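None of the values given here were measured: they were computed from a predicted structure. Naming convention: chains lettered A, B, ... in sequence-line order (proteins, then strands); numbering from 1 in each chain.
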Amino acid sequence: MQYWLMKSEPDDVSIDDLMAAPQQTTAWYGVRNYQARNFMRDRMQPGDGVLFYHSSCPEPGIAGLARIVSGPYPDASQFDPDNRYYDAKAVPEQPRWISIDVQGTRKTRLLPLAELRTIAALDDMVVLQKGSRLSITPVTPAQWQAVVALLA
DNA sequence: GCCAACGTTGGC
DNA sequence: GCCAACGTTGGC
């Protein structure tokens, strides 16, 4: 059981979208960064906890909690020439990119980035480090507990 | 829109 | 393998 922070642009998939989906579950596709892909492929497990973060929006911050509910499988968008995430170098025999299913657990109050930066227990959180842009980052159990406590 | 930081590409 | 050029992310 591990914990993660996943970024999403709310104009693309918001916490409300996640909670409104059938079974509150959404296929996570379009990740086109190798480090993030490797986390999904090699380390994420069904049951893992997710801090759901809104990025590139007026109020960036944690907007809800979610969990991983599938293992890795090929991201279909890489094979579709009409899709914005199409990858001409990907072939079905050798998929480059993968998806996992994410299930919303609950929408929380918006915990703004600026507030996260004031919490001493979160000083080492990967997403708060200078220059950190990765869309999927690991969260320690202590960091998870600290965030959940703030959202209680 | 700006810009810092990081990732990817491709010539050599 | 190096590294310059370019592209992307994402807060502000």
Please list, pair by pair, any protein nitrogen or oxygen found under 3.5 Å from a nitrogen or oxygen in nucleotides 1-3 of chain B.
none

Going by heavy atoms in the side chains, are A:Ile136 and A:Met40 under 4.5 Å from each other?
-> yes
Taking side chain to side chain donor-acceptor pair (under 3.5 Å) as the test, write out the residues that go with A:Asp17, two or more places apart.
-> A:Ser14
Looking at residues at least two apart in the chain, or sitting in another chain, which of them share a side chain to side chain donor-acceptor pair (under 3.5 Å) with A:Glu115?
-> A:Arg109
With a 4.5 Å limit on heavy-atom distance, are the side chains of A:Ser55 and A:Pro60 in contact?
-> no
side-chain hydrogen bond (donor to acceptor under 3.5 Å, both in side chains): pairs with one or both residues in residues 60-74 of chain A, sequence neighbours excluded = A:Arg67-A:Gln103, A:Tyr73-A:Asp101
Per the under-4.0 Å heavy-atom filter, residues of residues 52-61 of chain A near DNA chain C come out as A:Tyr53, A:Ser55, A:Ser56, A:Pro60
N/O to N/O distances under 3.5 Å, protein versus nucleotides 5-9 of chain B:
unit_1: B:dA5; atom_1: OP1; unit_2: A:Lys130; atom_2: NZ; d: 2.6
unit_1: B:dA5; atom_1: N3; unit_2: A:Arg133; atom_2: NH1; d: 3.4
unit_1: B:dC6; atom_1: O2; unit_2: A:Arg133; atom_2: NH1; d: 2.8
unit_1: B:dC6; atom_1: O2; unit_2: A:Arg133; atom_2: NH2; d: 2.5
unit_1: B:dG7; atom_1: O4'; unit_2: A:Arg133; atom_2: NH2; d: 3.2

Side chain to side chain donor-acceptor pair (under 3.5 Å) with A:Gln143: which residues, sequence neighbours excluded?
-> A:Thr140
Who passes ring-ring contact (aromatic ring centres under 6.0 Å, His included) against A:Tyr34, sequence neighbours left out?
-> A:Trp97
Kindly write out the residues that satisfy salt bridge (charged side-chain N to carboxylate O under 4.0 Å, His left out) with A:Glu59, not counting sequence neighbours, or none if the list is empty.
-> none
Sorted by chain and residue number, the salt bridge (charged side-chain N to carboxylate O under 4.0 Å, His left out) partners of A:Arg106 (sequence neighbours excluded) come out as none
Taken to the nearest 0.5 Å, the spacing of A:Lys107 NZ from A:Phe52 CZ works out to 11.5 Å
Mind jotting down which residue pairs meet the side-chain hydrogen bond (donor to acceptor under 3.5 Å, both in side chains) criterion with at least one end in residues 116-138 of chain A? Sequence neighbours excluded, please.
-> none
Scan residues 110-128 of chain A against DNA chain B and write down, sorted by residue number, each residue with any heavy atom closer than 4.0 Å; if none is found, say none.
-> none
CZ (A:Arg32) and CZ (A:Arg96) are apart, to the nearest 0.5 Å, by 9.5 Å
